[in-house]
Every structure is written in C-alpha cells, then in structure tokens.
There are 2 protein chains.
Amino acid sequence: MNRTPNLLEVAKAAGVSNMTVSRVVNNSGKVSDKTRQKVLKAIKELNYQPNLIARSLARKKTNILGLVVYSEKGVHPAFYNEIINGVQQGASELGYDLLIFANSEKQSYSDRITHSSFVDGVIFMGVKINQNDIKNVHEKGFPYVFVGKREIEGINPYFISPDYIKGTKMATEYLIELGHTRIGLIGQSRMIEPDYDKLLGYQEALYKHNLVYNPQLVFEESQTQLDGYNAMKELLKQKPTAVIINNTYSTIGATTAIKEEGLRIPDDISVIGFDDNQELNEQFNDFIGLELSTIRIPKIDLGRQAAKMTISLLEGNDVSQANFIDLQFIKNSSCKKL
Amino acid sequence: MNRTPNLLEVAKAAGVSNMTVSRVVNNSGKVSDKTRQKVLKAIKELNYQPNLIARSLARKKTNILGLVVYSEKGVHPAFYNEIINGVQQGASELGYDLLIFANSEKQSYSDRITHSSFVDGVIFMGVKINQNDIKNVHEKGFPYVFVGKREIEGINPYFISPDYIKGTKMATEYLIELGHTRIGLIGQSRMIEPDYDKLLGYQEALYKHNLVYNPQLVFEESQTQLDGYNAMKELLKQKPTAVIINNTYSTIGATTAIKEEGLRIPDDISVIGFDDNQELNEQFNDFIGLELSTIRIPKIDLGRQAAKMTISLLEGNDVSQANFIDLQFIKNSSCKKL
DNA sequence: TTGTAGGCGTTATCAT
DNA sequence: ATGATAACGCCTACAA
C-alpha cells in the first residue's frame, strides 16, 4: 500500500500553501476562482483525500456516532436490526458514520466512549442495558440517546421510544368503535416496559369508553409461537370478539389456534397484531392469506430520529429528554364491525 | 463536557516525562517499578484514558475494521445479522472495533475506505456488492475480505464462504445411505451462487452413488413460505421419499404442504432443511413439534473468521484468497431409514 | 531507565 | 485572498 498524498503535497503541486488547499477542500474562507481551479486540478491529479484521523484530531470531532447494543451472548435481537438501519440512515444523512462498540471485558463502555475521543455521541440500545453506563455519560454531559423508554433513578435520561400506550389505546378504541367489548390482550408483561405500556393503553381505552377491565381477557408473557398458541386457546374459552396480540411470533401461534378451533378471522374474531418483525409478518400474512390489521412500530424512523437527536445534542442544540414516536395503525381486513 | 487530561498533564502530576507515561500506558520499554507506581497513581487520579485519535494518527493505525453491507434500500437482510455479530466478536477478540460505513451518494465506498485512514481493513458483505469497490481495494493492496464466494473477472478476491457444495453433498449422501433414491431439492437457483452450489453438491452426491439426476425433483427459486408450499405441492406428485429444502421460509411452507396432503415426517417423507434463520427455525420446530434435521451455516463463526482473516491480512500475514467454512449437519428425527 | 525533539496531517489563528 | 506558525495528543527515534 502506497502512501496517500497529504495537503502539503497538493499545495506544492498547485503552487500554493497548505491552508489554501484546506480552504478549497472544506469550502471555507475566501479563495479566488483561479487558485481554486489550480487546487482542484492538483487534488484530482494526485487523487487526494483528506485524512480524517488528522482532521478529527485537529477539529476535536470525528463525525462518528457510537452505537452500543446490549445483548445476551452478543446477539442482537432481530427487533433491533431495523432500528440500527434507521440509525445508520439518519447518521448518514447528516454526514456521520457509525461505530459499533464491541463488548470488552477489560473496560466499561462508558469509559471507552467518553475518553477515547473516537465518537462524538452515542446511542444505547437493548434490554439489558447497563444503567451505570448511561449514568456516567449523562453526568459527564457526553451526548447520548437511549432507544426505548427508560427510567433511571436520579437522572432523566435522554431517550426516544415508541409510544406504546398511545398506540395500543388507539387500536383498542378502534375495536371498541366497531362495537367490540370483549377484547383480549395477549402478551402484556409487567416486567417488560413496552409490554406493560401496551396494557396501560388498553386500559385507558376501556376506561374512556366506560368498559370494565377484565383480567381474564389479558394474558402475560407471550413471546413465542407456542406461547401465543396456548394463550389464545385459553382466551377463546372467554369468548372474546376481538384480540390484540403483542408480537409477530405470538400472532402466528394465536392465529393458528384460532384456525384450529374452526373460527374465522374476522367473522368470528377480530385480530390486531404488532408487526415488530415486519418481514416475517408479511411472509406469514401472504402465506395464510390473512390481511392482518397491525400496529406498526416505525423502526427505521425511530432509529433515524435517535441519530438526529444525538447529533442535535452534540452540536449543542436543545433537545428534550423524553421523546416519543407515534405508532401507526395499519387498517386491514382482520377486524369486523359488530 | 470538560476536557480529558492528556499525557503531559499526567506526566506533570507524576513528576516524570510524557514518554514515561506513554511507556506505562502501553506496557512497552523499561520503566522502574517505582516510577510505574507513581505514574499509575497519577493516571488513576486524573482518570486518564489515551486519546485514540491521536494515537491512531501517530501510529497510522486505528484498530478499527470497516464493514460495508450492500443492501437494497439500506436494509440488511436478516441473514447477515448473525454474521455481523460474529464479525464483531472476532474483531473484539483481537482488540478491534467495527465501523459501519453508511451509504454516501457523494463518494464511493472504496475511496472513503482506502483514503480516509479511518479503518485498517474492511469486510464486504451482501448480494448487491459493487464489484468496482472490491477491485479498487484489491488493486491498492488494501486489506479486505469478502463474505461469500465471489468471482470477479481479472482478480482473485479474498473471500470466506460457507461450503455449500460440500454441505449439501453431505446431506444428500446421508439420505442416500438411509436408502433414499428419490430425493427432492427445493430452492436451487442458477442465479444465486449459494443456491447453485447446493445443486452442485446434490448432483455430486447422486453421481458418486450412481444415481441418475432427475430434474423433475428439483425446484428453482424458492424463497418465501408460499414458494416452498407450492414447490412441495408439485414435488409430491413425483412421489419423493425425501427432500432437502433451501431455506427456513421455504421449509415452513413446504412442511405445511406435506401436512395438508396428510403425509407425516419422517414416516412418509424425510426432510432436511437449512437453518439460515436460526431463531425462526427453532421457533417453528417447537411449534410444529418437528425435530428437523438441518444443515447449519455457522454464521457466527463465519463472521468471526472474516474478522480474523482481515486482521491477519492487515498485519501482514499470509492469507489464502479462497476460504471455505464447513457446514454442520444437525441430525434429528426428520429422516427415516428406508 | 528516563527524557528530548520531531513528526503524523489537519485546522485555527493571526498576519500580510 | 493567501500564507506562516502553532496547536491537537501521541509515538518513534535517538540521546542522556
């Protein structure tokens, strides 16, 4: 690998000083058109590209965003993937690249992030997040954003989260307006914040429409196909006319149970799902010939906004700490008016 | 955000020169135990961390690996996810972080990679890879590894790929040894290299055991559940006693078709799948109560090895250009001896 | 064993 | 409009 040329060499070739070249490269300051042409020619001839490391050192800014995904066994949950793509897009649109921090046993993330000068800001993601990491960066005033709602004692962290409460409330109200009163909810969990918020939204909708909350219609901790299947089998004993299901895997299991019982969607039961796994969701719908109404989490947008928030923050703009992004309701043919 | 201390400040605090501090930090050169203790104390008190940008500039080495994923609309195919995790693990084990290059309309990847000095080496991944990018880095001698087998005219690129030929051959032979002669293959595609290799492996196995290749047992381009379902419906007309299926989605569709026809696995037909999507695969097997024999692509390992290859390369070690990684055959109860 | 000088490639500052 | 010079924080090479 042969060396790449630097500013000085370009300057010599163009017969100007390095600063003039720098100005041309960065489009900053005043440069006469004539010299600019000379410089541009030299740049082209030498195939010059600025050395970003040197630039970063001088500017004290790398234009790189850090990304930390806390995950078990180093595996990113499939759910986060699309968000990460969004982060990348958002970052890219503003001229930033993305550095994925690898797990290191020797050093905590937060130290490496704040001290290494390699990233200008950081995005945290994941369920098993280390609260100390956030606390550290927060206290140091290092720009960060957490994806997902999170409460940490003592501080109000910057975060952006899907508004599960509002989203589920909206879906529930939709069903209520179609005349449903016995609405099941599969998958709420008191331990997982998003799931718990879904329950809250569900309850809010019932309350608003003077319907009584019936715990027998609510099933906890449904994550897998099998969970969804079992939950639905139980739920059907309660003769619901509609059901909202937590996640894609559960939905697959649950609709299978519905089929097995000889019931049809939406004639015998209305169904609304969450499309946390969009690809699978679409595949499955195609296959079953189902046109499921779903609550969509705009994951790309979520990631993109996380990136933009972080950049706003690191550029010194005011950013509010708690941010929510609306869920979308995709109306389809799996719900029937009673 | 307050400034972080630098070598000089630590040096002053410890009453030594910056070089001594540097030596302690890097564990290089000779430093007396007494001074070392002083320095370590100062480092701790000031909470010093080396500035990696400055270090990179001086060393002309960042300890960062670049990762370029070529994908449609910025979406990483689910398949690549796990590989990326593997890359991260491999990199991390050798002290490298990962920089994801974002798509930029202004600049080609290869220019940014080779000129920006931000990464020491790069890993390419994806179907829609830009051949020019590889060509460029290759010609410049910039360390790179491509994940997946790829032929590019004029050059022999460095790559690491699953050995689909060998893997499929192994599975096919397993079925032949169980007494099967009418073995279906769902999902080969002449256009997609891995799929085509599966066909080659299948044919090699037949040839080796003096069985005649019957194109009627082979179905092309099966990617989705629906594809798999339709292919299997057709295939069953040929009365196969066993079938090998291309990917997880196809397998789900195909086994559904088998069920619908009132056939049982493995009593009426033996089935082997590929678990390209391991999570879904497991979920599905659980749900169906199926214990599918599968050909496993060791994706974590693939990614890890890609990282290690790249690092070997950039450290100046000899690395062979074409590398294959064995697939694993996971024997389970979905195949029967005839 | 420890320290000094110079350089890595860029940008900021201050002159001209 | 252009240029000289000093940072940025660290490392290499050489000197003491």
Side-chain angles (χ1 to χ4, degrees), chain A residues 1-40 42-43 46-64 95 112 114-120, chain B residues 1-40 42-43 46-64 95 112 114-120:
Chain A
M1 277 240 325
N2 22 25
R3 275 190 1 76
T4 55
N6 62 19
L7 270 188
L8 224 82
E9 300 174 54
V10 177
K12 268 182 202 156
V16 298
S17 82
N18 54 347
M19 265 321 291
T20 305
V21 180
S22 175
R23 288 193 181 100
V24 171
V25 169
N26 295 297
N27 258 317
S28 68
K30 303 286 174 199
V31 181
S32 80
D33 229 49
K34 216 176 104 195
T35 20
R36 163 170 281 112
Q37 295 313 324
K38 275 196 301 188
V39 171
L40 286 175
I43 287 178
L46 297 180
N47 190 20
Y48 168 79
Q49 299 269 136
N51 180 316
L52 297 184
I53 293 289
R55 172 180 285 173
S56 298
L57 181 60
R59 286 190 184 162
K60 293 171 160 297
K61 183 158 186 309
T62 57
N63 268 41
I64 293 184
R112 284 192 296 154
T114 56
H115 281 0
S116 71
S117 303
F118 244 119
V119 298
D120 299 331
Chain B
M1 277 242 321
N2 21 22
R3 271 189 4 76
T4 54
N6 62 19
L7 270 188
L8 222 80
E9 300 173 54
V10 176
K12 270 183 199 151
V16 297
S17 82
N18 52 350
M19 263 324 291
T20 305
V21 180
S22 174
R23 289 194 181 98
V24 172
V25 169
N26 295 297
N27 260 316
S28 68
K30 304 286 176 197
V31 181
S32 80
D33 230 50
K34 217 177 103 195
T35 16
R36 162 170 283 111
Q37 294 313 324
K38 275 197 301 190
V39 171
L40 286 174
I43 287 177
L46 296 179
N47 190 20
Y48 168 79
Q49 300 268 136
N51 181 317
L52 298 184
I53 293 288
R55 173 181 285 174
S56 298
L57 181 60
R59 286 189 184 164
K60 293 175 158 297
K61 181 157 186 312
T62 57
N63 268 39
I64 293 184
R112 285 192 294 154
T114 57
H115 281 358
S116 71
S117 302
F118 242 119
V119 298
D120 299 331

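Quantities reported herein were computed from a predicted structural model and do not represent experimental measurements. Letters A, B, ... mirror the listed sequences (proteins, then strands); counts begin at 1.
One interatomic measurement links the two molecules: CG of B:Leu7 to P of D:dT12, which rounds to 12 Å at whole-angstrom precision. The distance between atom CG of A:Asn51 and atom C1' of C:dC8, rounded to the nearest whole Å, is 8 Å. Taking atom NZ of residue A:Lys61 and atom C1' of nucleotide C:dT10, one finds them 15 Å apart after rounding to whole Å. Put simply, CG on A:Leu8 is 12 Å from P on C:dG7, counting in whole angstrom units. Rounding to whole angstrom units, CZ of residue B:Phe118 and P of C:dT10 are separated by 13 Å.
Distances shown here put a side-chain N or O of A:Lys60 below 4.0 Å from the OP1 or OP2 atom of D:dG9. The side chain of B:Thr35 contributes an N or O atom lying less than 4.0 Å from OP1 or OP2 of C:dT2. A:Asn6 has a side-chain polar atom (N or O) that falls below the 4.0 Å cut-off from OP1 or OP2 of C:dG9.
With the end axes of the helix from C:dT1-D:dA16 to C:dT16-D:dA1 each set by five pairs, the angle from one to the other reads 40° at 10° resolution.
Looking only at side-chain heavy atoms (C-beta outward), B:Phe118 and A:Ser56 come within less than 4.5 Å of each other. Residues A:Thr4 and A:Tyr48 are not in side-chain contact: their nearest non-hydrogen atoms beyond the backbone lie 4.5 Å or more apart. The closest side-chain heavy-atom distance from B:Leu46 to B:Lys12 is not below 4.5 Å. Residues A:Lys38 and A:Val16 meet the side-chain proximity criterion, which asks for heavy atoms closer than 4.5 Å.
Mapped onto DNA chain C by nearest heavy atom, B:Ala58 and A:Arg59 fall at different nucleotides, with B:Ala58 at the one closer to the 5' end. Looking at which nucleotide of DNA chain D each of B:Arg55 and B:Arg23 is closest to, the 5′-most match is held by B:Arg55. Summary of the strand contacts: B:Leu52 and A:Ser32 both lie near DNA chain D, and taking for each the nucleotide with the nearest heavy atom, the more 5' one is attributed to A:Ser32.
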| Audit row: A:Asn26, A:Arg55, side chain to side chain donor-acceptor pair (under 3.5 Å) steps and yes/no | CA-CA 11 Å; A:Asn26 295 297; A:Arg55 172 180 285 173; 3.2 Å; yes
| field | A:Val39/A:Ile43 under side chain to side chain contact (heavy atoms under 4.5 Å, CB included): CA gap, chis, key distance, verdict | value | CA-CA 6 Å; A:Val39 171; A:Ile43 287 178; 3.8 Å; yes
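Listed by residue number, B:Val16, B:Ser17, B:Asn18, B:Met19, B:Thr20 are the residues of residues 12-22 of chain B with a heavy-atom contact under 4.0 Å to DNA chain C.
By the side-chain hydrogen bond (donor to acceptor under 3.5 Å, both in side chains) test, B:Asn47 is found to be paired with A:His115, residues two or more places apart in sequence or in another chain being considered.
Once rounded to the nearest 0.5 Å, the distance linking CG of B:Asp120 with OG1 of B:Thr62 reads 3.5 Å. A distance of 11.5 Å separates CG of B:Leu52 from CG of A:Leu57, quoted to the nearest 0.5 Å.
Contacts of A:Leu57 with the nucleic acid, taken as non-hydrogen atoms under 4.0 Å apart, include base atoms.
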